[in-house]
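Heads up, the thing below is written out as structure tokens.
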2 protein chains.
Amino acid sequence: MDLQRIKYFLALSEQLHYWKTAEKVNITQSALSRQIQSLEHELGLQLFERNKRNVKLTPAGKFLKEKWELELNEIEYIHQFAKQLHLGERGTITIAHPDSISASLMPDLLAKITAAFPQLQIKLVQVLYENQLEFLKNYKIDLAITRDINREPGIRSKTIHSDHLALVVPLDHPFKGFGDLSTESLKQQKFILPTKDEGSSYSEIIQALFKSYEFVPDVFLHSEFGSTIIALVRKGLGIAILPDSYMHHQSPGLRFIPLPFKTDLLINWRADDHNPVLANILKLVFEN
Amino acid sequence: MDLQRIKYFLALSEQLHYWKTAEKVNITQSALSRQIQSLEHELGLQLFERNKRNVKLTPAGKFLKEKWELELNEIEYIHQFAKQLHLGERGTITIAHPDSISASLMPDLLAKITAAFPQLQIKLVQVLYENQLEFLKNYKIDLAITRDINREPGIRSKTIHSDHLALVVPLDHPFKGFGDLSTESLKQQKFILPTKDEGSSYSEIIQALFKSYEFVPDVFLHSEFGSTIIALVRKGLGIAILPDSYMHHQSPGLRFIPLPFKTDLLINWRADDHNPVLANILKLVFEN
DNA sequence: ATTTATTAATGTGTATTTTGCATTAATGGA
DNA sequence: TCCATTAATGCAAAATACACATTAATAAAT
């Protein structure tokens, strides 16, 4: 059952004239005649009542004309949709990203994506640092934006941004600028820091920072969630070290003091992920 | 776009293995490989991600697998339905019949039809005698059961039954049997008769009846509807002449006196009506 | 590291199907 | 009765699909 045959049938069912129809669909009358015959034979029923002079739909033919028209439309739509999936213009992608960039990079990126591919479905999720690679490998997420360098085989990774680290203090705090920082003055402070994670490159940078001042900080509380940390600092419960992306969040009552340490933001994906949606998004991310 | 190709695709999308699938669908692996390739080419997209070792659906392929399965089911159902239309096992037929047989022949006929073709849709309509042929020719009805012989070209006709005419009188009427009828006694009666129609063979029979008694009846009322006539007779407003099929109606308070005149019941249809439903019904009507 | 088994793709000749051209046969109208 | 129209058909050519054998890539085994 060739769909082309059905198209010929539909054309003939409109014209009810072999010669005119044949011309319209660019085949000879003989070919059309045989196409209809084989269609009838294949279905085991008669589509047209015809003699050498007139062509007329049978009740079954009339029924099939109506139904097939609907089906062909449906199928055409399906094929178009599939084509969009193929081109990565439609489909779903799940992205995990850290809280730090939800007010800076993410809005920009999402705006870019929706402008270029309005039909795309994007799912944003927050995943604990320690789970990101596992989720990526288990197809729970397709893209992981993180501050950790990964060395997993099968995961590809690329830096998309660099942030300075900043010391975050309440507005009424004695630290006004980088000059106020010293081993002595820092030793007095209570710190709110991210959860320490063995082998996490982000914690290593923070460790390195304290090492440069040669002391071990008094860590009053660990939290992985930047917004929690910021709220605690604002209440005067301690001071924190965060990527300066957080300056883009509307956070009154806080002062950010830039530090000479940088943290990279990386984007990770499965090396064997051939979803065209991913390719399109990576292209967008890297194109400028 | 050959539906067979889509079936091959669906088989492969289940097995994800060319050799096994090829065996299952009874072609060689080479043929299957090319079928899938040409399908991909035709659609302009990739259905499977494959290397020499593994076969896996792409997102577009996964989508098409789901959709095509539904569409193929739909199409198969449509074809089955069309086949039934072709065989006359499904479809609609509109039948006009006189009131006189609605309690005798019609129930029998309808029972027969629904037993043989349970999927058939039957529309019963009451049409005035004078309109029957016109409605038949204009495709408003497909079968006309009537007591009138027609001589229209293009309309085929066959007798299916013969009724005696009967004189219908109230139970308390002095006429008890055929012996009570005479020109004198009949002259005293008021008659309720069918609408007189020039050239109608049924009225001609009734005319012939009165001619045999050599008088012109005192016709108090004309009606074409048997049930109306019966109601009037029961109320004692007059007596009537009807086909004795009416004896099958539950009509207490009436006496039917058979007369030695017969009226034929004919079934009429368009000679050029090739609706298979019609053929099946005619076969049923004439088969015994 | 090398070998082996597996398996999708492909080159090639053959078989099948479809097509176009020319012709035929049926039919309605002049 | 003849003519014009038009769907069907015989036939050869073209296009397409197929099977067989082979190739090439790769995962598993040694």
Side-chain angles (χ1 to χ4, degrees), chain A residues 1-58 60-62 65 137 153-154 270-274, chain B residues 1-58 60-62 65 137 153-154 270-274:
Chain A
M1 177 81 45
D2 194 336
L3 292 190
Q4 187 56 49
R5 276 195 183 151
I6 295 181
K7 285 181 189 156
Y8 290 151
F9 161 78
L10 289 178
L12 180 58
S13 74
E14 292 291 339
Q15 296 268 333
L16 295 177
H17 193 288
Y18 275 76
W19 280 85
K20 291 179 192 164
T21 306
E23 192 173 20
K24 200 168 195 176
V25 298
N26 290 315
I27 52 173
T28 58
Q29 175 268 325
S30 129
L32 178 61
S33 175
R34 277 180 244 253
Q35 289 275 358
I36 299 295
Q37 282 172 42
S38 72
L39 189 54
E40 287 182 329
H41 189 257
E42 194 171 359
L43 291 164
L45 53 82
Q46 218 182 324
L47 294 167
F48 296 99
E49 253 182 70
R50 50 200 186 276
N51 51 35
K52 300 262 167 187
R53 204 77 188 167
N54 292 299
V55 182
K56 200 184 134 203
L57 281 167
T58 60
K62 204 169 169 184
K65 170 176 151 60
K137 283 160 89 179
R270 289 181 296 278
D272 67 347
D273 188 343
H274 297 117
Chain B
M1 175 83 45
D2 194 334
L3 293 191
Q4 186 57 49
R5 275 192 185 154
I6 295 181
K7 286 181 189 156
Y8 290 151
F9 161 79
L10 290 178
L12 181 58
S13 74
E14 293 291 340
Q15 297 269 332
L16 296 177
H17 192 291
Y18 275 76
W19 279 83
K20 291 179 192 164
T21 305
E23 193 173 17
K24 201 168 194 174
V25 299
N26 289 314
I27 53 172
T28 58
Q29 173 268 325
S30 128
L32 178 61
S33 176
R34 278 181 242 253
Q35 289 276 358
I36 299 295
Q37 282 173 44
S38 72
L39 190 55
E40 287 183 328
H41 189 257
E42 194 171 0
L43 290 164
L45 54 81
Q46 218 183 322
L47 294 167
F48 296 98
E49 254 183 68
R50 52 200 185 276
N51 50 34
K52 299 263 168 188
R53 203 76 190 168
N54 291 300
V55 182
K56 200 184 133 202
L57 281 168
T58 60
K62 204 168 167 182
K65 170 177 151 61
K137 282 160 88 178
R270 289 181 296 277
D272 66 347
D273 187 343
H274 298 116

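Just so it is clear: chains get the letters A, B, ... in the order the sequence lines come, proteins before strands, and each one is counted from 1. The basis for the numbers below is simple: all heavy atoms, side chains too, and nothing from hydrogens, waters or symmetry mates.
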Would you mind reading off the distance between Lys56(A) atom NZ and dT27(C) atom P, rounded to a whole angstrom? 16 Å
Does dC18(D) have OP1 or OP2 under 4.0 Å away from a side-chain N or O of Thr28(B)? no
Lys7(B) and Asp2(B): CA distance, side-chain angles, deciding distance, side-chain contact (heavy atoms from CB on, under 4.5 Å) verdict: CA-CA 9 Å; Lys7(B) 286 181 189 156; Asp2(B) 194 334; over 6 Å; no
Is the shortest side-chain N/O distance from Ser33(A) to OP1 or OP2 of dA8(D) below 4.0 Å? yes
Nearest whole angstrom, please: distance from the P of dT16(C) to the CG of Asp2(B). 18 Å
Let me know the distance between CD of Glu49(B) and C1' of dT7(C), rounded to the nearest Å. 17 Å
Scanning both residues in full, the closest heavy-atom pair of Thr58(B) with Phe48(B) reads CG2-C, 3.7 Å
Roughly how many Å is it from CD in Gln4(A) to P in dA17(D), rounded to a whole number? 13 Å
Heavy-atom neighbours of Lys62(B) NZ exceed 12 at 6.0 Å: no
Between Gln46(A) and Glu49(A), what is the shortest heavy-atom contact and its length? NE2-CA, 3.9 Å
How close do Thr21(B) and His17(B) get, heavy atom to heavy atom, and via which atoms? OG1-O, 2.6 Å
Gln29(A) has an atom CD; how far is it from atom P of dA26(C), in whole Å? 16 Å
If you take atom types as modelled and just measure distance, does the side chain of Ser30(A) reach the base of dC21(C) with a donor-acceptor pair under 3.5 Å? yes
Within 6.0 angstrom of Gln4(B) CD, more than 12 heavy atoms from elsewhere: yes
Report the distance from atom CZ of Arg34(A) to atom P of dT16(C), rounded to the nearest whole Å. 18 Å
If you check every side-chain atom of Ala31(B), which of dG11(C), dG20(C), dC18(D) has the closest atom? dC18(D)
Distance in angstrom units between Glu23(A) CD and dT19(C) P, rounded: 17 Å
Distance in angstrom units between Leu57(A) CG and dA7(D) P, rounded: 14 Å
Looking at every non-hydrogen atom in both residues, tell me the closest pair between Asn54(B) and Asn51(B) and how far apart they are. N-OD1, 2.6 Å
Return a table of donor-acceptor pairs under 3.5 angstrom between the side chains of residues 27-35 of chain B and protein atoms on other chains or two or more places apart.
{"unit_1": "Thr28(B)", "atom_1": "OG1", "unit_2": "Ala31(B)", "atom_2": "N", "d": "3.3"}
{"unit_1": "Ser33(B)", "atom_1": "OG", "unit_2": "Gln37(B)", "atom_2": "NE2", "d": "3.0"}
{"unit_1": "Gln35(B)", "atom_1": "OE1", "unit_2": "Arg5(B)", "atom_2": "NE", "d": "2.9"}

Contact letters for nucleotides 23-30 of chain D, in which S counts primed atoms plus P, OP1 and OP2 and B counts the base, heavy atoms under 4.0 Å: -BBBS---
Among dT12(C), dA17(D), dA9(C), which nucleotide sits nearest the side chain of Arg5(B)? dA17(D)
Between Ile36(B) and Phe9(B), the two heavy atoms sitting closest are CD1-CA, 3.8 Å
Answer with yes or no whether Gln37(B) presents, from its side chain, a donor or acceptor under 3.5 Å of a partner atom in the base of dA9(C). no
Which part of the nucleic acid, if any, lies within reach of Gln35(B) when heavy atoms closer than 4.0 Å are counted: base, sugar-phosphate only, or nothing? sugar-phosphate
Scan residues 10-18 of chain A against DNA chain D and write down, sorted by residue number, each residue with any heavy atom closer than 4.0 Å; if none is found, say none. His17(A), Tyr18(A)
Under 4.0 Å between a side-chain N or O of Arg50(B) and OP1 or OP2 of dA9(C)? yes
Taking all non-hydrogen atoms of both residues into account, name the closest pair between Lys65(B) and Leu57(B) and its distance. CD-CD1, 3.8 Å
